[in-house]
Structure formats: C-alpha cells, structure tokens
Amino acid sequence: MNIVVLLKAVPVVGTERLDSGLLTDRSVQLEANGNDEYLLEKALKLTETHGGETIILTVGPGGSTEPIRKALAMGAARAVHIADDAIRGSDMRATLDVLAAALRKMQPWDLAFCGADTSDGQGGVLGAALAVRLGLPYLSYASEIEPTDAGVRIHRINLTGYDILEAPTPAVVMGTQLLGAPRYPSLRGIMQARSKPVEAWSLADLDLAPTTVGGGAATTKTLDSTKPPERAGATFVREAPDEAVARVVEFLAGRRLI
Amino acid sequence: MPAIWAIGEIADGQPTKLTLELATLARTLAANSGGEARTVLVGAGAAAAGTAAATYGPAVLAVEVEAGLSDRPVASVVAPRVAALVAERMPDFLLIGASNDGKDVAGLLLGLTDLPVLVNGSGVTWGDGAPRVEMSTFGGKLVTHSTFAGTRGMVIVRPASVSAEAASAPGKVETIAVSVSAELPAVKVTGNVEESGAAAPIEEARIIVGAGRGIGSPDGLKVIEDLAAAMGGAVGATRAVVDSGWVPYGQQIGQTGKIVKPSLYVACGISGAIQHKVGVQTAGTIVAVNRDADAPIAEFADLFVVGDLFEIVPRLAAALRARKSGSA
C-alpha cells in the first residue's frame with residue numbers, strides 16, 4: 001500500500017504575517033502544518049504494518065525543505081517538492097490544478113491523505129476538490145483509517161460520535177488530530193533522511209502553463225488587512241478567593257456578561 | 001441583479017441554525033445589491049425543512065433525493081445536485097456554512113464547478129459588485145477583507161457570523177426535481193456509533209469555560225462543567241486535556257481544534273500557548289484563572305485571577321447562582 005501525504009509548509013504558528021502584496025509571507029521559517037502531521041503519522045503506521053511507502057507531496061517555496069526533511073526523518077520513503085516562483089499568489093483553483101496534476105503524475109498510489117485544514121488558510125476544501133478532479137472516492141474527518149480487502153474504511157467524526165465509511169481504493173482521505181500524535185524523528189531517522197530522494201518538480205514537469213497559476217490568474221483577491229484593536233492588557237486580581245470572586249462578578253456584571 | 005443562494009443543511013428534519021444564518025445573510029446581501037436570494041435545501045425531508053427555512057425570507061428551492069442514496073455521505077449527495085442546479089440557473093454567488101458537511105460540499109463543488117471560493121468568512125457585506133468577505137486571519141492576528149475578481153463565486157461562512165432573523169414575510173417553498181448526470185464515486189456509510197459526552201457545537205456558544213492542564217484529572221473537569229452550567233455556557237478545552245481523553249475532540253479550542261468567538265471566555269488552568277491562543281483570541285472578554293501570574297495567557301486576558309482554580313471556580317459558580325436567584 002502506497003500513501004501520498006499532502007504536507008503543507010506553513011509559517012511557524014504565531015509568526016505569520018502578510019507581505020506588501022497581502023499574501024502570506026512564506027519567506028519566514030516554515031514548519032509542517034499541524035493537521036497534516038497527524039495524517040503523516042497515520043500513513044507511517046499503515047505502511048509499517050501493511051507494507052508499501054509513505055510519499056510526501058509539498059507545494060511551496062524553498063523554505064519547505066526543512067519540514068520535508070523532517071517528514072523523511074520521521075519515516076517517509078521519499079518526497080516530491082513542487083517549487084516554482086510562478087505559483088506564488090495562487091488561489092484555491094490554481095492550487096487545486098497543481099496538486100491534481102502532481103497526484104496524477106505520481107500514480108499509482110492507493111491513498112492520498114490531507115489534513116482537516118491549514119493554520120494559515122483554514123480552508124479545508126482542497127481534499128474534496130482533488131477527489132472530484134481525480135475521479136476518486138473522498139472520505140473526510142477521519143478519526144481512524146484502516147485498509148480493507150478491497151479498499152479503505154474510516155471513522156468519520158460527527159456531533160454525536162462517528163459514522164463508518166467504506167470505499168474502494170485509490171481514494172482521497174482527509175483526517176483529524178484523533179488519528180494520533182506524530183512521532184519525533186529518531187537520530188537514526190535523521191541520518192537516513194539525508195540520503196532519501198526529494199524530487200524537485202516545476203510547472204513544466206506538470207504540463208501546466210505559468211500563466212494559469214499564481215497571483216495574475218487569481219479569481220479572488222485580498223483587499224485590505226488591519227490589526228484588530230489590541231487588548232488593553234490584563235487587570236490582575238490577587239486577593240483571597242472570596243474577595244477575588246466578588247471582583248470577578250463585579251467585572252462581569254460591569255460588562256453585562258452575567 | 002445578482003442571484004445569491006444560501007446552501008443549507010438539514011438535521012433531524014429541520015434546517016440547521018447555520019442554515020438560518022445563511023438565509024438571513026443571503027436576504028441582506030440581496031437587499032443591498034438589488035438582487036434576489038434563494039435558500040437551497042437538498043435531502044430527504046427538504047420540502048418540510050424548507051417551510052421552516054422560508055420564514056427567514058428567501059424563497060426555498062427544496063430538492064428531495066431518492067431513498068437509494070441514504071447510505072452515502074450527505075455532502076456527496078448534496079454537491080452534485082447543487083452543481084446541476086447551478087449549471088441550470090446560473091446563480092452568481094453561493095453562501096455555504098463552515099460546518100464539516102458544509103466544507104465538504106464546498107470542496108466537492110469546487111471540483112465540480114471550478115467556481116472561485118473564499119473560505120473562512122466571519123462577515124459578509126455587499127461590496128463593489130460582489131460580496132466583500134471579512135476573515136479573521138492567522139487565528140485572529142489580522143482582520144482581512146477579500147473579494148472575487150469576477151462576478152461569480154462561493155463564500156464559506158463561519159457559524160455565528162450573523163444572527164438569524166426571521167423576515168417580515170416568509171418566502172415560498174418550491175419543490176424541484178434535479179437530475180444528476182453522474183453520481184460521485186461511491187462511498188458507503190456502513191455504520192454509525194454514538195459516543196457519550198457529545199455536546200452542542202461550541203462555535204455557537206456565547207459563553208465558554210475552558211479547561212486546561214491545570215484541572216489535573218478528569219475529576220477536575222467537574223468544577224469546570226459546574227461553572228459552565230451556572231453561566232449557561234459550554235465547556236471547551238486545550239489539546240492537552242483532549243489528548244488525555246478527558247474532553248471530546250469536538251470541544252478542543254485551538255490550532256488543530258475549533259476557532260471560537262464567544263462573548264466571554266473563562267480560561268481555567270490554561271497557560272495560553274500560541275496553539276490555544278489562535279483559537280480564542282477574538283473572544284469579546286477573556287477571564288483567566290491561573291496560579292502562575294507569568295503564564296502567557298496574561299498577554300491576552302482582560303482579567304487575570306491569580307489563584308488556585310479549585311478555590312476560585314466553585315466559589316464563582318456559587319456566587320453566580322446566588323446572584324441569579326437573588327435577582328429572580
């Protein structure tokens with residue numbers, strides 16, 4: 001069983017900023033998107049148990065190398081890194097075009113995994129769109145993923161528990177944190193990662209014209225960005241419990257919250 | 001004269017709260033653009049649910065589906081029917097809710113229609129010929145506004161971005177048949193498991209009491225739940241508490257959980273790590289209870305009670321109950 005994990009390299013959480021063109025500045029230090037790492041961990045567990053390879057697919061600038069190397073150190077067999085300056089500023093549709101073309105070129109694989117959303121975009125829609133483009137089944141919000149004789153079975157979380165979903169493979173699966181915490185790379189893993197292959201692809205490798213992606217082709221645009229008003233800073237309450245509680249009640253009543 | 005559609009959801013035979021918010025928003029945008037609003041409901045019982053949705057103004061397009069599709073995930077049934085309706089009637093803008101099913105519908109529609117999409121909207125107004133979408137970006141660090149380059153697109157709207165308000169005159173309900181040229185590749189729902197401890201979605205709560213590592217044990221959660229009950233609020237938690245299995249994942253606030261915007265957040269035993277902060281920093285008021293006055297949550301709390309949560313929280317619950325019964 002071969003599993004492709006879509007891994008987005010995002011700015012380290014807390015350090016995000018927009019550049020002068022109102023795009024996410026990705027020249028800062030990048031890390032693997034938190035939700036994608038849960039899928040990576042699950043993919044590694046599945047391929048360790050059932051055989052096959054975990055393959056990383058990342059679209060992003062040069063700074064993506066570090067999170068890709070970390071994924072390889074965790075146990076992924078190899079990676080495909082699509083870095084092309086023309087991709088900068090792409091909207092959802094163009095990002096979809098690039099990922100769909102890459103996944104097609106990477107076939108055959110059995111499962112493509114993506115995280116529930118990203119810390120810098122919060123879309124959570126690309127997995128579904130990719131499945132449609134590739135003509136494959138789409139299973140989402142997985143808290144468990146297991147192979148079956150003919151395909152894949154997942155638990156899909158809902159408000160009261162979960163549904164059990166089944167589909168033939170190849171399939172696209174979007175998953176959540178409930179799949180389990182990602183491992184830390186071992187020293188041995190870090191050493192081995194140095195010799196694992198990372199294929200660098202450009203738009204030309206995907207037969208995509210640069211004019212169809214990037215900021216110039218974007219169908220959506222950011223108009224402005226403002227900082228929300230700063231909080232005034234905390235008022236500290238250090239009195240003994242009864243008096244402290246009286247102050248909290250007074251504060252809440254003053255703001256009409258109780 | 002743009003046509004603006006709210007794509008709704010049905011739960012237990014009724015339109016969801018988020019659906020009513022979208023219907024209200026579609027009505028407002030139509031009024032401000034001189035356009036026309038519709039609410040689209042797809043699924044078994046769509047016509048009946050449509051009657052409830054129609055009181056929010058827009059006429060409802062109710063699409064019943066064949067019983068043979070009941071073992072498929074909801075979004076995989078809804079999306080191709082909405083796509084077929086969109087191809088036939090060419091609406092200009094779609095509003096879709098940022099629930100799990102809503103985001104799946106939006107993603108499938110993106111694949112089926114190639115309509116431009118703006119995600120994570122926390123407010124939508126009518127702009128220069130297209131919706132102007134407010135987003136809380138990077139976990140509330142920035143507020144941005146975006147729009148479409150062209151005259152068509154879909155907007156994913158977060159819960160509680162607008163208040164649902166009934167219209168002075170209800171819309172009509174039109175039951176229509178939609179034929180789909182091809183269903184999406186088959187995914188079957190083969191079972192359903194109910195788990196205890198499921199709660200109302202915390203995105204909709206006006207007051208949230210958050211539990212952090214400081215609660216120490218599942219027993220510690222009881223004082224948090226009691227305060228939430230006294231305040232008429234919901235319980236949220238940090239990832240550490242969810243990872244310990246004390247609180248279900250659906251109540252996790254933060255980077256890999258929910259992003260919430262309650263009027264009041266009471267953070268109990270929560271240090272305020274950045275991964276938690278990004279889930280709640282846009283709350284109206286934040287009160288922290290923590291023994292460590294140097295905890296990072298001091299940077300974004302409005303009131304910081306330095307003390308043992310087991311001494312403060314039960315007393316606060318009691319004081320609020322006494323206040324309520326006193327004023328009644």
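Proteins get letters first, then strands, A, B, ... in listed order; numbering begins at 1 in each.
- B:A298 approaches A:A234 most closely through the heavy-atom pair O-CB, 3.6 Å.
- If you measure heavy-atom distances from A:D91 to chain B, you find no contacts under 4.5 Å at all.
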- Task: Before giving the answer on side chain to side chain contact (heavy atoms under 4.5 Å, CB included), spell out for A:L165 and B:T190 the whole-Å C-alpha distance, their side-chain angles and the decisive distance to 0.1 Å.
- Result: CA-CA 6 Å; A:L165 268 52; B:T190 58; over 6 Å; no
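- Contact tally against chain A (heavy-atom pairs below 4.5 Å) for B:V306, B:T282, B:V187, B:V242: the top residue is B:V187.
- Atoms CE and OG1, on B:M135 and A:T222 in that order, are 6.5 Å from each other to the nearest 0.5 Å.
- Between B:D114 and A:R93 there is no salt bridge, since no side-chain nitrogen of the basic residue lies less than 4.0 Å from a carboxylate oxygen of the acidic one.
- Heavy-atom pairs under 4.5 Å with chain B were tallied for A:Q177, A:R153, A:H155, A:M174; the largest tally goes to A:Q177.
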- Could you give me the CA-CA distance, side-chain angles and deciding distance for A:L257 and B:I207, then say whether side chain to side chain contact (heavy atoms under 4.5 Å, CB included) is met? CA-CA 9 Å; A:L257 289 163; B:I207 296 176; 5.7 Å; no
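- Between atom CG of residue A:L223 and atom CD of residue B:E134 there is a gap of 12.0 Å, rounded to the nearest 0.5 Å.
- By number of non-hydrogen pairs under 4.5 angstrom with chain A, the leading residue of B:T137, B:V289, B:V305, B:V133 is B:V305.
- The heavy-atom pair separating A:Q122 from B:I259 by the smallest distance is NE2-CD1, 3.2 Å.
- With contacts defined as side-chain heavy-atom distances shorter than 4.5 Å, the pair A:V13/B:V278 qualifies.
- The shortest distance between side-chain heavy atoms of A:Y38 and B:T256 falls below 4.5 Å.
- A distance-only check finds a donor-acceptor pair linking the side chain of B:K141 to the backbone of A:E16 [under 3.5 Å].
- The interface of residues 134-142 of chain A with chain B, defined by heavy-atom distances below 4.5 Å, comprises A:G135, A:L136, A:P137, A:Y138, A:L139, A:S140, A:Y141.
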- Check against side chain to side chain contact (heavy atoms under 4.5 Å, CB included), B:D302 and A:T235: CA-CA 6 Å; B:D302 300 292; A:T235 303; over 6 Å; no
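- Listed options B:L109, B:L108, B:I274 were ranked by heavy-atom pairs under 4.5 angstrom with chain A; first place goes to B:L108.
- Heavy-atom distances place both the backbone and the side chain of B:L303 under 4.5 Å from chain A.
- Side-chain atoms of B:V189 and A:I164, non-hydrogen and from C-beta on, never get closer than 4.5 Å to each other.
- When each of A:D120, A:T118, A:I154, A:N33 is checked for heavy-atom pairs under 4.5 Å with chain B, A:D120 comes out on top.
- Interatomic distance, CD1 of B:I286 versus CZ of A:R231, reported as 4.0 Å (0.5 Å rounding).
- With a threshold of 4.5 angstrom between heavy atoms, A:F251 approaches chain B through side-chain atoms but not through N, CA, C or O.
- Here A:L252 contributes atom CG and B:L320 contributes atom CG; the two are 7.0 Å apart, rounded to the nearest 0.5 Å.
- Top candidate by heavy-atom pairs under 4.5 Å with chain A, chosen from B:F138, B:F300, B:F148, is B:F138.
- Using a 4.5 Å cut-off between heavy atoms, B:R206 contacts chain A through its side chain alone, with no backbone atom that close.
- Your options are B:E311, B:R315, B:M231, and the one with the most heavy-atom pairs under 4.5 Å with chain A is B:R315.
- Contact annotation for A:A246: neither backbone nor side-chain heavy atoms come within less than 4.5 Å of a heavy atom of chain B.
- Of all the listed residues (A:A171, A:G123, A:A240, A:G180), the one sharing the greatest number of non-hydrogen pairs under 4.5 Å with chain B is A:G123.
- Contact of A:D242 with chain B is made through backbone and side chain together, with heavy-atom distances under 4.5 Å.
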- Task: Given side chain to side chain contact (heavy atoms under 4.5 Å, CB included), test B:T144 with A:L22 step by step and report yes or no.
- Result: CA-CA 9 Å; B:T144 59; A:L22 298 178; over 6 Å; no
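- Taking 4.5 Å as the limit, every side-chain heavy atom of A:T226 sits out of range of all side-chain heavy atoms of B:L142.
- Counting heavy atoms of neighbouring residues, nucleotides and ligands inside a 6.0 Å radius, atom CZ of A:R183 exceeds 12 of them.
- Of all the heavy atoms in A:N158 and B:N192, the pair that sits closest is ND2-ND2, 3.6 Å.
- Between chain B and the options A:P228, A:A244, A:A181, the largest number of non-hydrogen pairs under 4.5 Å is found for A:P228.
- Taking chain A as the reference chain and counting heavy-atom pairs below 4.5 Å, the highest number among B:A79, B:A130, B:A149 is found for B:A149.
- The contact between B:V119 and chain A is made entirely by side chain atoms (from C-beta outward), counting heavy-atom distances below 4.5 Å.
- Heavy atoms of B:V287 lying under 4.5 Å from chain A belong exclusively to its side chain.
- In this structure, B:F304 and A:V237 have side chains that are not in contact, with every pair of non-hydrogen atoms separated by 4.5 Å or more.
- Ranking A:G127, A:A167, A:A128 against chain B, the residue ahead of the rest is A:A128, based on heavy-atom pairs under 4.5 Å.
- Across all non-hydrogen atoms, the minimal contact from B:R132 to A:D224 is NH2-OD2, 3.1 Å.
- Closest non-hydrogen pair, A:V245 versus B:A319, comes out as CG1-CB, 3.8 Å.
- Across all non-hydrogen atoms, the minimal contact from B:A293 to A:R238 is CB-NH1, 3.8 Å.
- Within residues 100-107 of chain B, the residues that have a heavy atom under 4.5 Å from a heavy atom of chain A are B:N100, B:D101, B:K103, B:D104, B:A106, B:G107, listed by number.
- Between chain B and the residues A:V132, A:L18, A:T176, the largest count of heavy-atom pairs under 4.5 Å involves A:V132.
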